[in-house]
2 protein chains.
Amino acid sequence: MASRAKATIFDIAREAGVSKSTVSLVLQGSGLIRPETAVKVRKAIEDVGYVYNRGAANLRKAHSNVIGMVINDLTNPFFAELAVGMERVFQSAGIVPFIANTAENPVRQEEVLKSLMEQGVAGLIVSPARGTMPSAFRRLEMAGVPVVFAMRRLPESRVPVIAPDNHRGAYLAAAHLIGKGHRRLAFFGGSSDLVVYQERLGGFREACETQGIAARDVLVIEGETSRRGGLACLEAALAMAEPPTAALCFNDAVAFGVMLALRKRRLEPGADFAVVGFDDVVEAEHYMPALTSVAVDTAGLGERAAHVMLKMIQSRTTRAEDHIGAVNLVVRESCGPDRRTRNRPAGTGGAA
Amino acid sequence: MASRAKATIFDIAREAGVSKSTVSLVLQGSGLIRPETAVKVRKAIEDVGYVYNRGAANLRKAHSNVIGMVINDLTNPFFAELAVGMERVFQSAGIVPFIANTAENPVRQEEVLKSLMEQGVAGLIVSPARGTMPSAFRRLEMAGVPVVFAMRRLPESRVPVIAPDNHRGAYLAAAHLIGKGHRRLAFFGGSSDLVVYQERLGGFREACETQGIAARDVLVIEGETSRRGGLACLEAALAMAEPPTAALCFNDAVAFGVMLALRKRRLEPGADFAVVGFDDVVEAEHYMPALTSVAVDTAGLGERAAHVMLKMIQSRTTRAEDHIGAVNLVVRESCGPDRRTRNRPAGTGGAA
DNA sequence: TTGATTTATTGGAACGTTCCATTTATAGGC
DNA sequence: GCCTATAAATGGAACGTTCCAATAAATCAA
């Protein structure tokens, strides 16, 4: 019952009447030991309540089986979905990934990375915090620990990236809006220190140019990538002289904020102002109205990142190909046609 | 640039022209070494790109500084909030907690716990997966690892629990509904194999009895604790002969599902059917209509759990007091009066 | 100067594994 | 029976730390 000092491989060796080496072999499932012996040993392990000391083992083995996942914002359901995808593949490889949150704080991130390294992780999947210095991952690189960036990338870094095709996603979304007759468009939320932001905004701009929207008719408002940020963006936009009639949001959280702000002003998202999100989190489908959003196959990206990581570890390299995931626009109910265009054809009722 | 074999304490000793012991002392911030020596050593550490091997250290030190958090459903924002609270206090103690997800799967949970133990965690904060066998934590207990249950408890277990006052919360919510004139009440979602469920349902029932609601007028429908579950519950309820006019939901996710189902049927949550959630996740406030919910101070509970854990580790005990957190009902817009009652006083308009 | 005290530094033995090189037991070939 | 081949089990050294006991250097009291 009560536990004296922790049991070691020696204790169980004595218990089973074999040598420590034999126990070690059993622990590793070696085929060298006689089945009956193995059984005997396993019983002793059970009886004594032995717990394997991976730290000690790693001292010799050089490679642990711990993989860390460093996330910039645990409260964003998006990252939970990403984690779930990763876990699926790690689980089947017998690995338990450890998740750590940096809360979008580079200093905290530094601590987290340090701790993970000290723990002797075999590899790291990271969504870097905003404002991460390029140097932040130097230590990892020096130590030869495989690192994969998921969703976000750093300006100049040779770390492989698994991310969706942000440019294309934004392009599709903007084109959709324009196709619906909107002529004054906005891009809401995010900030320019994020590479993702550049990419999404780039796609948005390209669509506008290609489809003949004048530069002065596109409004870009940076802001927090949260509901609150979206709310602020919409308020700012509607305060302008000639406000936009549609917006592509940096992500779904921003879009939800925008819809909320519209409701507060007794405007109907979709009918009165079109909004498109990005990421297509599960809530998007369940919103009222359901949010049109760029689906990035989050869980799939997570799986992909995990696979790449596994391969890197296996081939003990620190390099790998980037992977840009396909995206597609999921059209739901959050963007009707521009009202001005809409009034010309048959008058459709008001309530959605 | 390229990294040869990992640098050890010996390498940096040679580099700095001191002994390994001195380096070790510096690493631990001992006051015994001369400041200038310490500086010299620290420089060498930097130059060589040394990373501390905590596994090796733990071999001697017996106590690591790793704390694990085992969560049953990472995709529920509720748990992210809990984690954030914990992280706040661990961070100030210089500890990086590792989070692992069990996805509500007892088998996976077993693996996760095993892995964490092997890693030599100093303590574990756990929200056990549904269907966890009481024996699942025996090993931990045998090994003397401090464990705290957060939010959920196991039927018979001496592990300290940090949880909200579920009974009281449910009581308050039900009383609120009854006070609004509702006479046919439902309890939606959750399943009876969860202790939390028993507690919440108990509070609900007590309120009904106390306030004179006949037993045959209270409807209990178990279901998934997710949006989807809520949807199903509402459908089932409305299909009955004399459907309820209000529901307390097991948690906010269920409540969101219920509201969604109402909308699908062109019913207005609040006006046509009252719904109350439980947990008061951040989204509750931002829903349309804003969800009345039982606030449990999730982050506060997380902080509390972390503090208890720290204290247990410090006093090397495996026992601690339970902590039942205060709750309060946050009234928003998701529950108007019973329609029948409402028609009697002055006619208030329809739209909320 | 000498010894006692304090201050800095150091060597060596653990810690719990793995893995290589051996040893011991078992079987096979002749 | 003896030698060899195969199978099964073992002892010892190593892994990178910590910590104790011991040493070396500096300071002080006489």
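A note on names: the letters A, B, ... follow the listed sequences, proteins ahead of strands, and every chain is numbered from 1.
Across the protein-nucleic acid pair, A/I9 atom CD1 and D/dG12 atom C1' stand 14 Å apart, rounded to whole Å.
Considering only residues two or more places apart in sequence or on other chains, B/E111 meets the side chain to side chain contact (heavy atoms under 4.5 Å, CB included) condition with A/Q91, B/V107, B/R108. B/H323 pairs by the side chain to side chain contact (heavy atoms under 4.5 Å, CB included) definition with B/I162, B/L301, B/R304, not counting sequence neighbours. Among residues two or more places apart in sequence or in another chain, the salt bridge (charged side-chain N to carboxylate O under 4.0 Å, His left out) test is passed with B/R152 by B/E104. Evaluation of the side chain to side chain donor-acceptor pair (under 3.5 Å) rule for A/S127 yields A/N72 as partners, not counting sequence neighbours. In this view, B/P160 and B/V148, B/M312, B/R319, B/A320, B/D322 satisfy the side chain to side chain contact (heavy atoms under 4.5 Å, CB included) rule, not counting sequence neighbours. Under the salt bridge (charged side-chain N to carboxylate O under 4.0 Å, His left out) criterion, A/R60 pairs with no residue, sequence neighbours left out. Applying the ring-ring contact (aromatic ring centres under 6.0 Å, His included) criterion to B/F98, with sequence neighbours excluded, gives A/F98.
Nucleotides of DNA chain C with any atom under 4.0 Å from a heavy atom of chain B span, from 5' to 3', C/dA8 to C/dG16.
A heavy-atom distance below 4.0 Å to DNA chain D is reached by these residues of residues 26-44 of chain A, ordered by number: A/L32, A/I33, A/R34, A/T37. DNA chain D lies under 4.0 Å from no heavy atom of any residue of residues 49-58 of chain A.
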Give the intermediate values and the outcome of side chain to side chain donor-acceptor pair (under 3.5 Å) for residues B/S19 and B/T22.
CA-CA 5 Å; B/S19 80; B/T22 305; 3.2 Å; yes
Practice problem: Would you sort out whether A/V159 and A/L154 count as a side-chain contact (heavy atoms from CB on, under 4.5 Å), showing the intermediate values? | Solution: CA-CA 8 Å; A/V159 172; A/L154 250 38; over 6 Å; no
Exercise. Between B/Q109 and B/T132, is a side chain to side chain donor-acceptor pair (under 3.5 Å) present by the stated rule, with each step listed?
Worked result: CA-CA 8 Å; B/Q109 178 173 265; B/T132 300; 3.0 Å; yes
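Taking only side-chain nitrogens and oxygens, A/S19 comes nearer than 4.0 Å to OP1 or OP2 of D/dT10.
Taking a 6.0 Å sphere around NZ of B/K114, one finds it holds 12 or fewer heavy atoms contributed by other residues, nucleotides or ligands.
Among the protein residues, A/T8 comes within range of the sugar-phosphate backbone only, with heavy atoms under 4.0 Å from sugar or phosphate atoms but none that close to a base.
Residue pairs meeting the ring-ring contact (aromatic ring centres under 6.0 Å, His included) criterion with at least one member in residues 23-72 of chain B: none, sequence neighbours excluded.
Side-chain atoms of B/E118 and A/N53 form no donor-acceptor pair, as typed in the model, at a separation below 3.5 Å.
Across its full length, the helix from C/dT1-D/dA30 to C/dC30-D/dG1 shows an angle of 50° between the axes of its 5 terminal pairs at either end, rounded to 10 degrees.
For the pair B/L25 and B/L59, nearest-nucleotide mapping onto DNA chain C gives the more 5' position to B/L25.
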